[in-house]
Peer 1: 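Got a structure for you, questions after.
Residue numbering restarts at 1 for every chain, and letters A, B, ... go by the order of the sequence lines.
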Protein chains: 2
Amino acid sequence: MDVNDFKILLVDDETDVLDFMKYNLEKEGFWVYTAHNGVEAIQMAKKMNPHLIILDLMMPKMDGIETCRELRNIPEFKNTIITFLTARDEDYSQIAGFEVGADDYITKPIKPRVFISRIRALLRRLETNETTGKFAVGDIEIDRERYVVVKAGKEISLPRKEFELMNLLVSKPGRVFKREEILSKVWGTDTIVGDRTIDVHIRKLREKIGDDYFKTIKGIGYKFDA
Amino acid sequence: MDVNDFKILLVDDETDVLDFMKYNLEKEGFWVYTAHNGVEAIQMAKKMNPHLIILDLMMPKMDGIETCRELRNIPEFKNTIITFLTARDEDYSQIAGFEVGADDYITKPIKPRVFISRIRALLRRLETNETTGKFAVGDIEIDRERYVVVKAGKEISLPRKEFELMNLLVSKPGRVFKREEILSKVWGTDTIVGDRTIDVHIRKLREKIGDDYFKTIKGIGYKFDA
DNA sequence: CTTGAATGTTAAGTTAAGGTTAATACATTT
DNA sequence: AAATGTATTAACCTTAACTTAACATTCAAG
């Protein structure tokens, strides 16, 4: 996973702290979202699905501890990394923080270099677990972790390109992917392949998964449907 | 895994700091070992195979950073949690620490409650990953303590690299490990080995354990399956 | 109902990825 | 310092995966 794919949600009621962190993180290429309180934070988190959430402890409405607890109760955020932002020496908060499922805490005042370094260390944890992803549509399940497609409980293993193509199409069932788009996403922008290559791969998928899952939209592209 | 099974190695040149930490950790039921410098630390680590190592940054002979680097080069300690102990505000050390593969750092002076809480948070990570003890899948059992693989009751002893590779793959049966990932986890990020090295090791495993346990996903990596 | 551009199909050609082996370098024991 | 055991490399081999090309079929516009 590339640095530029990481999404970070910053939550703090003080706008200047927020801006300062945002500036530093964006400079490093992260996607940064912000919220001013716990309530906003949860809304934003649901929308953006960030990889890392940095929560200030002291906030109006809902404090960091409480926000963290709520987040941890939402299954989506079970694996999200949550870090607290605290003033030095707030011992009790630190303890409560860990108990409530925080992964780390960062002390204010923030020093850019340490801060960035810390963030990187935290995100490093994700890199191994982030290739992980299973999702299902109808009786088809795609398991990126094991690199297999499961159809009605039966494992079908596909070669790389076929798998990637399958994965792309299934990622948005019903949506039509233009040939161009497929080429750039599965083959990459710099590879040039002949006209029939996509068709041949679709053919193999139809053979292995089933004819009627893949629909051709002439002149446009293909779509997956259950 | 029970608290009482966790082994922690403390490394600091100041005996009273050492004693203080030791006292507090033992009170909580951890097994605590100590060392006064980097050299001792590495010896002790090899003997005790601790789950967590706390390294003071400033030490005679070999400092914390250097010790950490050395440790990370030993495959056994790839998954060991390493934390630095620093005086407040040693920014640069912190950065170097993370770069060298540290998981966290703890600031002095140590406050017992925060300290313990922190340690628990760190060790919690281990509970999910099966990094310790014995582990079995189907008729294959891996004994990490003794460095032995048991297949259908028969012990097969593997050399270190083969064992590490085996261990990695078996740790998540079915999951595909990318070549890169295997390299960084078994060989380490800083070692560069030729293209065929992984294959050769896989070959040896197939020879010793059985062909069909190891599946190749071309262009991606390998997975273990029973 | 034509018709031609777009896609389907098949099988044969390529190639990149991995398999295999043996030789060499490197480490440990004894 | 042999001897034994491990790890890595290099050279070559094998194949599945991928691509292409040639021909067949479809389907939607006229």
Peer 1: Could B:Arg69 and B:Glu66 be called an ion pair, given the rule that one side-chain N must be under 4.0 Å from one carboxylate O?
Peer 2: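 Counted as a salt bridge, because a side-chain N and a carboxylate O are separated by less than 4.0 Å.
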
Peer 1: Okay, side chain of A:His51, backbone of A:Lys7: is any donor-acceptor separation there less than 3.5 Å?
Peer 2: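 At least one qualifying donor-acceptor pair exists.
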
Peer 1: Expressed in angstrom and rounded to an integer, what is the separation of B:Leu205 atom CG from D:dT6 atom C1'?
Peer 2: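 These atoms are roughly 13 Å apart.
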
Peer 1: Report yes if some heavy atom in the side chain of B:Leu168 is under 4.5 Å from a heavy atom in the side chain of B:Ile182; otherwise report no.
Peer 2: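 Contact flag for B:Leu168/B:Ile182 side chains = yes.
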
Peer 1: Hey, which of these two, B:Ile202 or A:Ile202, hits DNA chain C nearer its 5' end, going by closest nucleotide?
Peer 2: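 Taking each residue's closest nucleotide, the earlier one in sequence belongs to A:Ile202.
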
Peer 1: Base, sugar-phosphate, or nothing: which does A:Tyr222 touch, judged by heavy atoms less than 4.0 Å apart?
Peer 2: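 Answer is sugar-phosphate: A:Tyr222 comes under 4.0 Å of backbone atoms only.
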
Peer 1: For A:Arg203 and A:Gly219, take the nucleotide of DNA chain C holding the closest heavy atom to each; which residue's nucleotide lies nearer the 5' end?
Peer 2: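 By nearest-heavy-atom nucleotide position, the 5'-most residue is A:Gly219.
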
Peer 1: When the side chains of residues 12-25 of chain B are checked against the rest of the protein, which donor-acceptor pairs come out under 3.5 Å, sequence neighbours left out?
Peer 2:
{"from": "B:Asp12", "atom 1": "OD1", "to": "B:Glu14", "atom 2": "N", "distance (Å)": "2.9"}
{"from": "B:Lys22", "atom 1": "NZ", "to": "B:Glu26", "atom 2": "OE2", "distance (Å)": "3.1"}
{"from": "B:Asn24", "atom 1": "ND2", "to": "B:Phe20", "atom 2": "O", "distance (Å)": "2.8"}

Peer 1: Answer with yes or no after comparing the ring centroid distance for A:Trp187 and A:His201 against a 6.0 Å cut-off, counting only values under it.
Peer 2: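 Yes; A:His201 has its ring centre under 6.0 Å from that of A:Trp187.
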
Peer 1: Does A:Arg206 use its side chain to pair, donor to acceptor, with the backbone of A:Asp212 at less than 3.5 Å?
Peer 2: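 No: the side chain of A:Arg206 does not pair with the backbone of A:Asp212.
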
Peer 1: So where does chain B start and stop touching DNA chain C, 5' to 3', when the test is distance under 4.0 Å to a non-hydrogen atom?
Peer 2: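 Here the contact window of chain B covers C:dA17 to C:dT21.
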
Peer 1: Give the angle between the helix axes at the two ends of the helix from C:dC1-D:dG30 to C:dT30-D:dA1, taking five base pairs at each end and rounding to 10°.
Peer 2: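 Roughly 30°, once rounded to the nearest ten degrees.
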
Peer 1: Taking DNA chain D as the partner, which of residues 169-183 of chain A come within under 4.0 angstrom of it by heavy atom?
Peer 2: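 Output list: empty, so none.
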
Peer 1: Heavy atoms under 4.0 Å is the rule here; annotate nucleotides 13-25 of chain D 5' to 3' with B where the base is hit, S where only the sugar-phosphate is, and - elsewhere.
Peer 2: --BBSSBB-B---

Peer 1: Is the shortest side-chain N to carboxylate O distance from A:Arg203 to A:Glu162 below 4.0 Å?
Peer 2: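 A:Glu162 and A:Arg203: not salt-bridged.
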
Peer 1: Is the side chain of B:Arg175 donor-acceptor paired with the backbone N or O of A:Glu145 at a distance under 3.5 Å, no angle test?
Peer 2: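 Not confirmed, B:Arg175 side chain does not pair with A:Glu145 backbone.
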
Peer 1: For B:His36, is there any backbone N or O sitting under 3.5 Å from a side-chain donor or acceptor partner on B:Glu40?
Peer 2: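 Yes, B:Glu40 side chain to B:His36 backbone: donor-acceptor pair under 3.5 Å.
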
Peer 1: Run the side-chain contact (heavy atoms from CB on, under 4.5 Å) test against A:Lys223 and tell me which residues pass, sequence neighbours left out.
Peer 2: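 side-chain contact (heavy atoms from CB on, under 4.5 Å) list for A:Lys223, sorted by chain: A:Val176, A:Lys215, A:Ile217, A:Asp225.
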
Peer 1: Reckon A:Ile220 touches a base, only the sugar-phosphate, or nothing at all at heavy-atom distances under 4.0 Å?
Peer 2: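 Sugar-phosphate contact only.
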
Peer 1: Do you see a donor-acceptor pair shorter than 3.5 Å between the side chains of A:Arg179 and A:Tyr222?
Peer 2: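 Per modelled atom types, A:Arg179 and A:Tyr222 side chains form a pair under 3.5 Å.
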
Peer 1: Is the shortest distance from a Lys or Arg side-chain nitrogen in A:Glu181 or A:Lys185 to a carboxylate oxygen in the other one below 4.0 Å?
Peer 2: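 Counted as a salt bridge, because a side-chain N and a carboxylate O are separated by less than 4.0 Å.
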
Peer 1: Quick one: sort the B:Phe163 and B:Tyr147 rings into parallel, tilted or perpendicular, breaks at 30° and 60°.
Peer 2: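 Rings of B:Phe163 and B:Tyr147: parallel, as their planes differ by under 30°.
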
